[in-house]
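The structure appears below as structure tokens.
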Amino acid sequence: MYYLYKMIKPDFKALQSLLSEPKKIAIIPHRNPDGDAIGSTLALQEYLSQLGHESQVVSPNQAPDFLHWMPGFHQIINFEKQNDLAQEIIANAQLIFTLDFNHLNRVGDVMQASLEAAEGSFVMIDHHEAPDSYALHTYSDTSICSTCQMVFHFIEALEDLDKITEQMATCLYTGIMTDTGSFKYASTTATTHQVAAALIHLGAKNAEIHQAIYDNNSPSRLHLLGCALQNMEVIPEYKTAIIHLSQKELDHYGYKKGDTEGLVNYGLSIAGVVFSTIFIENTEEQIIKISFRSQGDFSVNEFARAHFNGGGHHNAAGGKSDLSLSDTLSHFKEILPTYKNKLNQ
Ligand code: 5GP
Ligand code: MN
């Protein structure tokens, strides 16, 4: 094993007793939620409803279109669009579950302030590196591929696997599939496959889920992919691939949220490349959003933390830059030589 896994297990008995009385519960995914964030929050929401709680998912902002088919999706409260209602749910919640992130700044400034002012106790379920300590109960395990797998283990620890419905199984399977790149990343373990098998037994339709997530390209999205691949630069000396997309290019191809999902992985598919990056200009937020991926020993989590105000996992992380796109790219290329040894190990 090339790096140390870190695990914090909560007192499941204490959680069981906490959940034995009906409560008002808010369940929060991270901003710009992905399949794992939406899948885990929706599955947990249905589970907690079955236990008799009044629970609602409050998402910091809208999820990309390719997740809208997920069971229960349309009941999600959008903090940006339904702000009064969202604030009320957070303020009244006795328990606040935060899923698929481990620092409150991952929900955005305004929602972070609401969460920090909330009186409810926090429960964290998450698989990212370096968890913060805001939660009364923390379930954090960086060795597990997805928060969805952790929600399965959470329900298992509470001895309630029989409460997993077909809808919940569909949600959990989706998050495991998207966070493992369809069961191909190193984070996929024998246990992941066992959980996936259990979810299929419980009603998840694996082929249909795969199709719903991946076979929904528009022609313009594929044209955008063509543009991204044209822009790609490979620096063999550092085994690094760099993709960039300007706002102008995104506009030209009718960019919709979710269209750039997974593009960064193309760089890693090049023989010899161990570090792949994508820099995406967002003029509205005045940032360059960056995704980092690596293969093997090189920690993009550490790289993103050290240079781009970000973080994530050992082999998949993200960050941002306040510089222009070209200055961000120059800055990145200036840093790269200091990693020459690490990238060539
Ligand atoms: P992606 O590149 O797909 O946006 O994100 C890859 C991983 O890094 C995800 O697990 C995501 O939660 C995490 N991540 C992405 N952006 C950021 C960021 O700005 N800060 C932190 N701490 N993690 C991020
Ligand atoms: Mn995740």
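As the structure lists them, so they are numbered: ligands from 1, and atoms in each ligand from 1.
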At what distance is the nearest protein heavy atom to [atom], and which residue and atom is it?
atom: atom 2 (O) of ligand 1; value: S291 OG, 2.6 Å
atom: atom 15 (C) of ligand 1; value: G318 CA, 3.4 Å
atom: atom 11 (C) of ligand 1; value: R106 NH2, 3.5 Å
atom: atom 7 (C) of ligand 1; value: A316 O, 3.6 Å
atom: atom 22 (N) of ligand 1; value: G311 N, 3.5 Å

field: Heavy-atom nearest neighbour of atom 1 (P) of ligand 1 within options E129, E261, R293
entry: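 The option holding the nearest heavy atom is R293.
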
task: For F97 and Y47, run ring pair (Phe, Tyr, Trp, His ring centres under 6.0 Å): C-alpha distance rounded to whole Å, both residues' side-chain angles, the deciding distance at 0.1 Å, then the answer.
output: CA-CA 13 Å; F97 279 80; Y47 170 61; 9.1 Å; no

field: Ring-ring centroid check F152 Y139, cutoff 6.0 Å
entry: no

message: Measuring centre to centre across the rings, with the benzene-like ring taken for any Trp, is Y339 within less than 6.0 Å of F275?
response: no

Can you name the atoms of ligand 1, numbered from 1 with element, that are less than 4.0 Å from a heavy atom of [X]?
X: K289; answer: 15 (C), 16 (N), 17 (C), 18 (C), 19 (O)
X: H313; answer: 10 (O)
X: G312; answer: 8 (O), 13 (C), 23 (N)

query: Can you tell which part of K320 has a heavy atom less than 4.0 Å from ligand 1: side chain, backbone, both or neither?
result: side chain

query: Of the backbone atoms (N, CA, C, O) and the side-chain heavy atoms from C-beta on, which set of H128 has a member under 4.0 Å from an atom of ligand 1: side chain, backbone, both, or neither?
result: side chain

Neighbour count >12 (heavy atoms, 6.0 Å) for atom [atom1], [X]:
X: K24; atom1: NZ; result: no
X: E119; atom1: CD; result: no
X: K184; atom1: NZ; result: yes

message: Just to be sure I understand the site: which N, O or S atoms from the protein are less than 2.8 Å away from the Mn ion (ligand 2)?
response: D36 OD2, D100 OD1, H127 NE2, D179 OD2

Could you label the plane-to-plane angle of the [X] and [Y] rings as parallel, tilted or perpendicular, counting under 30° as parallel and over 60° as perpendicular?
X: H74; Y: H68; value: perpendicular
X: H331; Y: F308; value: perpendicular
X: H128; Y: H313; value: parallel

Show every donor-acceptor pair shorter than 3.5 Å between a side-chain atom in residues 193-216 and any protein atom, with sequence neighbours excluded, or say none if there are none.
{"residue": "K205", "atom": "NZ", "partner": "E166", "partner atom": "OE2", "Å": "3.2"}
{"residue": "H210", "atom": "NE2", "partner": "S182", "partner atom": "OG", "Å": "3.4"}
{"residue": "N216", "atom": "ND2", "partner": "A212", "partner atom": "O", "Å": "3.4"}

- prompt: Any side-chain donor-acceptor pair under 3.5 Å between D160 and Q50?
  reply: no

